[in-house]
Protein chains: 2
Amino acid sequence: MYVKKIAPSLNCGLDLVGEVLYGKWKIRILWFIHEGHLRPSELQRKIPDATRRVLNVQLKELEDHELVTRTIYPVMPPKVEYHLTDFGKTLIPLIQSIGIWGDEHQERLRRVILKKNELTF
Amino acid sequence: MYVKKIAPSLNCGLDLVGEVLYGKWKIRILWFIHEGHLRPSELQRKIPDATRRVLNVQLKELEDHELVTRTIYPVMPPKVEYHLTDFGKTLIPLIQSIGIWGDEHQERLRRVILKKNELTF
DNA sequence: TCAAATAGGGATAAATTTATCCCTATTGCC
DNA sequence: GGCAATAGGGATAAATTTATCCCTATTTGA
């Protein structure tokens with residue numbers, strides 16, 4: 001496991017949120033769990049651009065940060081479900097607002113993002 | 001300048017938001033500009049944990065993404081001001097909500113973040 | 001006259017995050 | 001019997017992001 005060398009900034013609310021939500025897929029993971037995609041394999045299908053490995057890593061961090069719980073069912077083949085904690089649920093309205101903002105400004109966002117990258121792909 | 005090798009995911013609103021807000025200091029930069037800290041040197045004083053260099057880099061990206069404008073005053077010593085664009089201003093309510101959530105859950109966030117890192121520092 | 005403030009960029013190193021690859025185990029299905 | 005689905009972890013490479021260091025220029029003030 002990677003061990004940090006630089007202490008995080010924890011000065012204000014925004015810093016703290018950054019520490020737990022900063023991760024390429026974390027917000028989407030929380031959203032899809034909220035939508036009822038509870039099992040790792042379902043999440044992977046919903047987020048095909050993320051590798052299985054990185055989903056596991058980020059789920060583990062979300063769990064450590066008490067935003068989700070992990071339940072293991074002792075069956076074979078293995079079955080695991082993630083659920084939002086009450087704490088995690090309090091983030092849903094925020095994530096929803098962010099998603100709505102992104103959807104509303106979709107065309108513009110797509111344009112400015114591609115403009116910056118157009119030489120690349 | 002760094003050129004990306006992997007195409008970004010641009011499937012949904014959340015993906016798009018991620019592309020423009022993902023950056024260690026971007027949200028805080030937007031917030032402080034909103035608060036009236038318009039000049040690079042002021043921003044640096046507000047965010048001492050970020051280096052001058054990385055602030056410049058992230059401000060440039062925010063400008064490319066049309067969230068802020070950069071105004072150069074032809075005076076000496078140089079004076080530059082950043083302002084939110086109308087587009088950028090539409091993000092402020094979201095950022096405010098995020099900050100409030102972080103402030104409200106400050107103790108808990110601090111605890112879970114430090115728990116994960118306690119072996120490190 | 002020298003230091004500090006002002007703004008910013010290039011080159012490179014370091015830190016961090018993601019991706020790739022491979023391995024474990026069990027059950028049901030063809 | 002072999003293959004897919006299930007869940008996940010270790011080791012390592014690659015990608016990406018941040019940090020460090022140094023350089024340009026000008027004016028004001030000590």
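Here is how names work: the chains are called A, B, and so on, in the same order as the sequence lines, proteins then strands, and each is numbered from 1.
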Categorize [X] for me: base, sugar-phosphate, or nothing, with a 4.0 angstrom heavy-atom threshold over every strand shown.
{"X": "Y82(B)", "answer": "sugar-phosphate"}
{"X": "E81(A)", "answer": "nothing"}
{"X": "T51(B)", "answer": "base"}
{"X": "Q58(B)", "answer": "sugar-phosphate"}

Give a yes/no answer on whether the side chain of [X] brings an N or O atom under 4.0 Å of OP1 or OP2 in [N].
{"X": "R45(A)", "N": "dT6(D)", "result": "yes"}
{"X": "Y2(A)", "N": "dA14(C)", "result": "no"}
{"X": "K24(A)", "N": "dT18(C)", "result": "no"}
{"X": "R52(B)", "N": "dT6(C)", "result": "no"}

*Okay, side chain of S9(A), backbone of D49(B): is any donor-acceptor separation there less than 3.5 Å?*
no
*Any donor-acceptor pair under 3.5 Å between the side chain of R53(A) and the base of dG10(D)?*
yes
_With rounding to the nearest 0.5 angstrom, report the CG to CG distance, L30(B) to L14(A)._
10.0 Å
_NZ/NE/NH1/NH2 to OD/OE distance under 4.0 Å, R111(A) and E66(B)_ = yes
_W101(A) ring center within less than 6.0 Å of F87(B) ring center_ = yes
Gap between atoms [atom1] and [atom2], on [X] and [N] respectively (whole Å):
{"X": "Q44(A)", "N": "dA19(C)", "atom1": "CD", "atom2": "P", "result": "12 Å"}
{"X": "K60(B)", "N": "dG8(C)", "atom1": "NZ", "atom2": "P", "result": "11 Å"}
{"X": "W25(B)", "N": "dT16(C)", "atom1": "CH2", "atom2": "P", "result": "12 Å"}
{"X": "K5(B)", "N": "dT16(D)", "atom1": "NZ", "atom2": "P", "result": "7 Å"}
{"X": "Y73(B)", "N": "dT27(D)", "atom1": "OH", "atom2": "C1'", "result": "19 Å"}
{"X": "M1(B)", "N": "dG9(C)", "atom1": "CE", "atom2": "P", "result": "12 Å"}
{"X": "R39(B)", "N": "dA5(C)", "atom1": "CZ", "atom2": "P", "result": "13 Å"}
{"X": "I6(B)", "N": "dA14(D)", "atom1": "CD1", "atom2": "P", "result": "12 Å"}

*Closest approach of R110(A) and L10(B), non-hydrogen atoms and distance?*
NH1-O, 2.9 Å
*Determine the minimum heavy-atom distance between Q58(A) and W25(A), stating which atoms define it.*
OE1-N, 3.1 Å
*Identify, between V57(A) and P78(A), the residue whose nearest nucleotide on DNA chain C lies closer to the 5' end.*
V57(A)
_Go nucleotide by nucleotide along DNA chain C from the 5' end; which of D49(A) and P77(A) gets its closest nucleotide reached first?_
D49(A)
*asked:* If you only use heavy atoms from C-beta on, which nucleotide in dT16(D), dT16(C), dA7(C) is closest to the side chain of K4(A)?
replied: dT16(C)
*Closest to the S41(A) side chain: dT16(D), dT6(D), dA19(D)?*
dT6(D)
